[in-house]
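Each remark here refers to the structure printed beneath this line.
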Amino acid sequence: MTIYKALTIAGSDSGGGAGIQADLKTFQELKVFGMSAITAVTAQNTLGVQGVYPLPAKAVIQQIESVGADLGVDALKTGMLYSAEIIEAVAGSIQSFGWENVVVDPVMIAKGGASLLQNEAVHALIDHLLPLTKVVTPNIPEAEVLTGMSIRTLEDQQEAAERLAAYGAKYVVIKGGHSEASDEVVDVLYDGRTFSYYTGYRVDTPHTHGTGCTFAAAITAELAKGNSVPDAVQTAKKFIQAAIEDTLGIGGGHGPTNHWAYGQRLAKQQSRVTRGERE
Ligand SMILES: Nc1ncnc2c1ncn2[C@@H]1O[C@H](COP(=O)(O)OP(=O)(O)OP(=O)(O)O)[C@@H](O)[C@H]1O
Ligand SMILES: Cc1ncc(CO)c(N)n1
C-alpha cells in the first residue's frame with residue numbers, strides 16, 4: 001500500500017478547529033499521512049484569539065527540513081505564516097526541496113478580527129510565495145488585500161483570480177464564503193485560461209471556524225494522492241460542505257466544523273451499496 005504524505009506549515013489553534021489541528025484532521029480523514037511545521041502557537045477558542053506566539057524562522061525551517069530530509073512530502077500547504085521573515089524562510093525551503101504541489105492559504109485575519117499576518121508581510125507573500133504556488137485559496141477579504149480591488153460580484157471574483165494568476169500562482173480559487181449572496185456559496189477556480197465554478201448551498205450557521213484551513217487541507221491531501229487540481233477542489237468542496245452541514249455545535253462562539261462528516265457520509269453510501277448487492 002502506498003502511503004501518501006502531506007505537510008502543513010501553519011499556526012497551532014488550541015481550540016482544534018483551524019490551523020495545524022484542522023489540517024491534520026483533514027489529512028487523516030482523507031487517508032493521507034499528515035506532518036507539520038508549526039509557525040506560531042495561538043491561544044484560541046471559538047470566542048476569539050487570546051494570544052499569538054510566533055516561533056523563530058529558524059525553528060520553522062528546521063521542522064520543514066527534518067520532514068523533507070526523511071519522510072518526504074507529496075504535497076504541502078501553508079496557513080498562518082505571520083511574518084515576512086517566516087514567509088521568506090518557507091519559500092527558501094520549498095525552493096531548495098523543489099516541491100511543486102504547494103497549496104497556499106493566505107491566512108490574514110481570524111474570524112474574530114485578530115491579525116494572523118503582519119501587514120508588512122503581504123508583499124513577501126506576493127513576491128516570494130505566489131511564484132512557487134500551485135494553488136492559492138484566498139477568501140474574498142484576503143483576495144481584496146492581495147489584489148487591491150474590491151470584490152462584490154462573481155465577475156470581481158474572476159478578475160481577482162486573473163490578477164493573482166499574474167503573480168505566478170498556477171491555479172487560483174477565490175472562495176465565496178464571505179460573499180453577500182445568501183442562498184449559495186460559489187468558489188471560483190481559475191487555471192490561467194478558464195474558470196470553473198464550485199457551488200454549494202449556504203448553510204445558515206455560526207459554526208464556520210476553520211472552514212478555509214479545512215478546505216485547503218482537503219485540496220492538499222487530494223494532490224498528495226496524485227489527483228488533478230479540479231478534482232481536488234471538487235472533493236474539498238464536498239468535504240467542507242459536509243463538515244459545515246453536520247455541525248458539532250460545540251463552544252460558545254464560532255464553533256469548529258465536523259471533520260468526520262465527509263467520511264461518515266461515504267461510509268453510509270458504501271454500506272447502502274453493499275446491502276443493495278446482498279439483497
Ligand atoms: N455558510 C457556508 N455554507 C456553505 N459553505 C460555506 C459557508 N461558509 C464557507 N463555505 C465554504 O467553505 C470554504 C471556505 O470558505 P471561506 O470563504 O469561509 O474561507 P475562510 O474565510 O478562509 O475560512 P476561515 O478563515 O474560517 O478558515 C469554501 O469552500 C466556502 O465555499
Ligand atoms: C492558527 C490559525 N490559523 C488559521 C486560522 C484561520 O481560520 C485561525 N483562526 N487560526
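Keep in mind the model is a prediction, meaning the values are calculated, not measured. In listed order, ligands and their atoms are each counted from 1.
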Q.
If the threshold is 4.0 Å, N to carboxylate O, is there a salt bridge linking K25 and E29?
A.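 Salt bridge between K25 and E29, a charged N being under 4.0 Å from a carboxylate O: no.
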
Q | Basic-acidic side-chain contact under 4.0 Å: K225, D231 | A |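 Salt bridge absent between K225 and D231.
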
Q: Go through ligand 1 atom by atom and flag the ones less than 4.0 Å from a non-hydrogen atom of F215.
A: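 Answer for ligand 1: 29 (O).
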
Q | Atoms in ligand 1 with a heavy atom of T208 nearer than 4.0 Å | A |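 Reading through ligand 1 atom by atom, the close ones are 26 (O).
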
For the 3.5 Å polar cut-off, considering only N or O atoms, please tell me whether [X] and ligand 1 meet it.
X: I240; answer: no
X: R202; answer: no
X: K237; answer: yes
X: E142; answer: no
X: G212; answer: yes
X: T205; answer: no

Would [X] and [Y] count as having a side-chain donor-acceptor pair, cut-off 3.5 Å?
X: S12; Y: Q21; result: yes
X: Y197; Y: Q158; result: yes
X: T26; Y: D23; result: no

Please report which non-hydrogen protein atom sits nearest to [atom], along with the residue it belongs to and the distance in Å to one decimal place.
atom: atom 18 (O) of ligand 1; result: T211 OG1, 3.1 Å
atom: atom 4 (C) of ligand 1; result: Y201 O, 3.4 Å
atom: atom 29 (O) of ligand 1; result: D187 OD2, 2.5 Å
atom: atom 7 (C) of ligand 1; result: I244 CD1, 3.6 Å
atom: atom 20 (P) of ligand 1; result: N139 ND2, 3.6 Å
atom: atom 19 (O) of ligand 1; result: K175 NZ, 3.4 Å
atom: atom 9 (C) of ligand 1; result: G177 CA, 3.7 Å
atom: atom 10 (N) of ligand 2; result: Q44 NE2, 3.2 Å

Per [atom], closest listed option by heavy atom ([options]):
atom: atom 2 (C) of ligand 1; options: V203, D105, D204, I219; value: V203
atom: atom 26 (O) of ligand 1; options: H178, H207, K111; value: K111
atom: atom 5 (C) of ligand 2; options: T214, V49, L116, I20; value: L116

Q | Contact atoms of ligand 2, heavy-atom distance to G11 under 4.0 Å | A |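 Counting from 1, the qualifying ligand atoms are 1 (C).
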
Would you please determine whether [X] falls within less than 4.0 Å of ligand 1 on a heavy-atom basis?
X: Y198; answer: no
X: G210; answer: yes
X: C213; answer: yes

Q: Show which residues join V107 in its hydrophobic cluster (side-chain heavy-atom contacts under 4.5 Å, direct or indirect), or state none.
A: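 Its cluster partners, ordered by chain and number, are V49, V52, M80, Y82, L116.
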
